[in-house]
Amino acid sequence: MNILVTGGMGYIGSHTCIQLIHAGMTPIIFDNLDNSKASVLPRIEKVCGQQPQFIQGDIRNKQRLIEVLKQHDIDAVIHFAGLKAVGESVQKPLEYYDNNVNGTLVLVDAMRECGVKSLVFSSSATVYGDPASVPITESFPTSATNPYGRSKLMVEECLTDFQAANPEWSITLLRYFNPVGSHPSGELGEDPQGIPNNLMPFVSQVAVGRREFLSVFGSDYPTKDGTGVRDYIHVMDLADGHIAALQKVGSQSGLHVYNLGTGNGSSVLEMVAAFEQASGQPVPYQLVERRPGDIAECWADPSKAEKELGWVATKTLEDMTQDTWRWQSGNPNGYPE
Ligand code: NAD
Ligand code: UFG
């Protein structure tokens, strides 16, 4: 199977390409390198003996997409491309709606013109807003509290309407919880530009000496130790979730919605302790005010994916922190230019 992977040069996309190759599929990457570097390609080759084809392009360019879909005889699309920084989305809503919403509509339009009818979309647990309870099932109500989250929700709604009007299509919405970790080889990992927004990249940059201390956002939440609780999932497990989705429902018409999480919640302080243990490095931190827009706790009920896709997350917190450390300590400044 030839799989077009939009955003395949990025964090989750690059790890998914490796698992696609291992599963005997052929990934073709389409990415504008807005938030990634071409030097990820030889790293992919190093760990799986094959370099995926890479086409530099923007998902808002319909003609280019049509050329690529036809030329590579694409069977299905995994759509990772988009912007993902919550804070930035508040400052630049137009850019977020243009990339994430308009970009997806252009992509689907191009697929329709080429007769490619299978799509897997990167959604997020952010679509559950502030959930009334945990664990969260796919039937929980959805809402958004910032432009990034709203863009994901809008895309979900657009794709739902589109699938209803085109019942022969297979559209899968994968709602990721908190992706962390790296390929176990230490060759690939998360390489945020500038100051990391997310917890794990920040913690690992403190451990490697790039930053002085972690600010823990809020210590008065009604959680086990007062800090925020999330469902951290290893990026390799997440990557495998995409393979399972393609294999199980990628050629079954319908709208398929799955949580990809572990079903376990860990607090910020638990993550810091696990990281110190894995790295052998101290992670100094300061307790500060809550970050606006954050929720107290969020974790998945992943049983639907287990039942229907036969997929379950298998990696532990130790795997997540050890693999992150292997990547961070071996590549303190991320990918080379
Ligand atoms: P990432 O930024 O590492 O990867 C996204 C890739 O898309 C980058 O390589 C970027 O260059 C590319 N891109 C952006 N806009 C593009 C455009 N208009 N045309 C072509 N390429 C474009 O992000 P990631 O962490 O790998 O996330 C992948 C997807 O998963 C995103 O859609 C994100 O919203 C979603 N997601 C991520 C998380 C997370 O915490 N990492 C959580 C939930 C959902
Ligand atoms: N945190 C800190 N200090 C930091 C960064 C984060 O204490 O420097 C805390 C947060 O307050 C939160 C936890 O660590 O309690 C996790 O924060 P992240 O920013 O890593 O992740 P979020 O759960 O806030 O959001 C992430 C992605 C979103 C996505 C969401 C659900 O950033 O894009 O998961 O999938 F929508």
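Keep in mind that the numbers below use all heavy atoms, side chains included, and drop hydrogens, waters and symmetry copies. Atoms within each ligand, like the ligands themselves, are counted from 1 in listed order.
No N or O atom of Asn198 sits closer than 3.5 Å to an N or O atom of ligand 1. When only interatomic distances are considered, the shortest N/O to N/O separation between Ile59 and ligand 1 falls below 3.5 Å. Remark: ligand 1 and Asp34 share an N or O pair separated by less than 3.5 Å (distance only, no angle test). Taking distance alone, with nitrogen or oxygen atoms compared against 3.5 Å, Phe177 stays at or beyond that limit from ligand 1. Geometrically, ligand 2 and Leu199 share a nitrogen or oxygen pair separated by less than 3.5 Å. Considering backbone and side-chain N/O atoms, Met9 never comes within less than 3.5 Å of an N/O atom of ligand 1. Annotation: Phe217 places an N or O atom under 3.5 Å from an N or O atom of ligand 2; distance criterion only. At under 3.5 Å, a nitrogen or oxygen of Tyr11, whether backbone or side chain, sits near a nitrogen or oxygen of ligand 1. Below 3.5 Å of separation, one finds an N or O of Ser36 facing an N or O of ligand 1.
Under a 4.0 Å criterion applied to the non-hydrogen atoms of Leu33, ligand 1 contributes the atoms 11 (O). Listed by atom number, the atoms of ligand 1 under 4.0 Å from Ser122 heavy atoms are 29 (C), 30 (O), 32 (O), 35 (C). Listed by number with element, the atoms of ligand 2 under 4.0 angstrom from any heavy atom of Phe177 are 35 (O). Short contacts between ligand 2 and Tyr148, defined as distances under 4.0 Å to a heavy atom of the residue, involve ligand atoms 33 (O), 36 (F).
Among all heavy-atom pairs drawn from Asn100 and Leu83, the shortest one is OD1-N, 2.8 Å.
If you look at Val268 next to ligand 2, the close heavy atoms, those under 4.0 Å, all belong to the side chain. Under 4.0 angstrom from ligand 2, the non-hydrogen atoms of Tyr176 all belong to its backbone. Using a 4.0 Å cut-off between heavy atoms, Asp294 contacts ligand 2 through its side chain alone, with no backbone atom that close. At a heavy-atom cutoff of 4.0 Å, ligand 1 is contacted by the side chain of Asn99 but not by its backbone. Residue Phe213 does not touch ligand 2, judged by heavy-atom distances below 4.0 Å.
Between the side chains of Asp237 and Thr314, at least one donor N or O sits under 3.5 Å from an acceptor N or O. Looking at Tyr96 and Glu88, their side chains do bring a donor and an acceptor atom within 3.5 Å of each other. The closest side-chain donor-acceptor pair between Tyr176 and Ser122 falls under 3.5 angstrom.
Judged by the shortest distance from any of its heavy atoms, Lys152 lies inside the 4.0 Å radius around the atoms of ligand 1. Judged by the shortest distance from any of its heavy atoms, Ser123 lies inside the 4.0 Å radius around the atoms of ligand 1. For the pair Gly57 and ligand 1, a heavy-atom separation below 4.0 Å is found.
Aromatic pair Phe30/His72: ring centres not closer than 6.0 Å. Ring to ring, Tyr335 and Trp327 are close: their centroids are under 6.0 angstrom apart.
Evaluated by nearest non-hydrogen atom to atom 3 (N) of ligand 2, the leading choice among Pro201, Ser215, Gly87 is Ser215. When the options Leu260, Asn102, Asn32 are ranked by their closest heavy atom to atom 13 (N) of ligand 1, first place goes to Asn32. Here the shortest heavy-atom distance to atom 25 (O) of ligand 1, taken over Gln56, His15, Arg60, Lys84, belongs to Lys84. Of the listed options Ser267, Ser124, Ala125, Ser124 places a heavy atom closest to atom 36 (F) of ligand 2. Within the set Val229, Val127, Ile195, Asn198, the minimum heavy-atom distance to atom 18 (P) of ligand 2 is found for Asn198. Within the set Arg175, Arg291, Glu297, Gln205, the minimum heavy-atom distance to atom 19 (O) of ligand 2 is found for Arg291. Comparing Gly13, Gly7, Ser124, Gly103 by heavy-atom distance to atom 43 (C) of ligand 1, the nearest is Ser124. Nearest to atom 21 (O) of ligand 2 by heavy atom, out of Val288, Asn178, Leu287, is Asn178.
Ion pair Glu308/Lys248 not flagged as a salt bridge, since none of the NZ, NE, NH1 or NH2 atoms sits closer than 4.0 Å to an Asp/Glu carboxylate oxygen. One finds no salt bridge joining Glu138 and Lys307 here, because no Lys/Arg side-chain nitrogen approaches an Asp/Glu carboxylate oxygen to under 4.0 Å.
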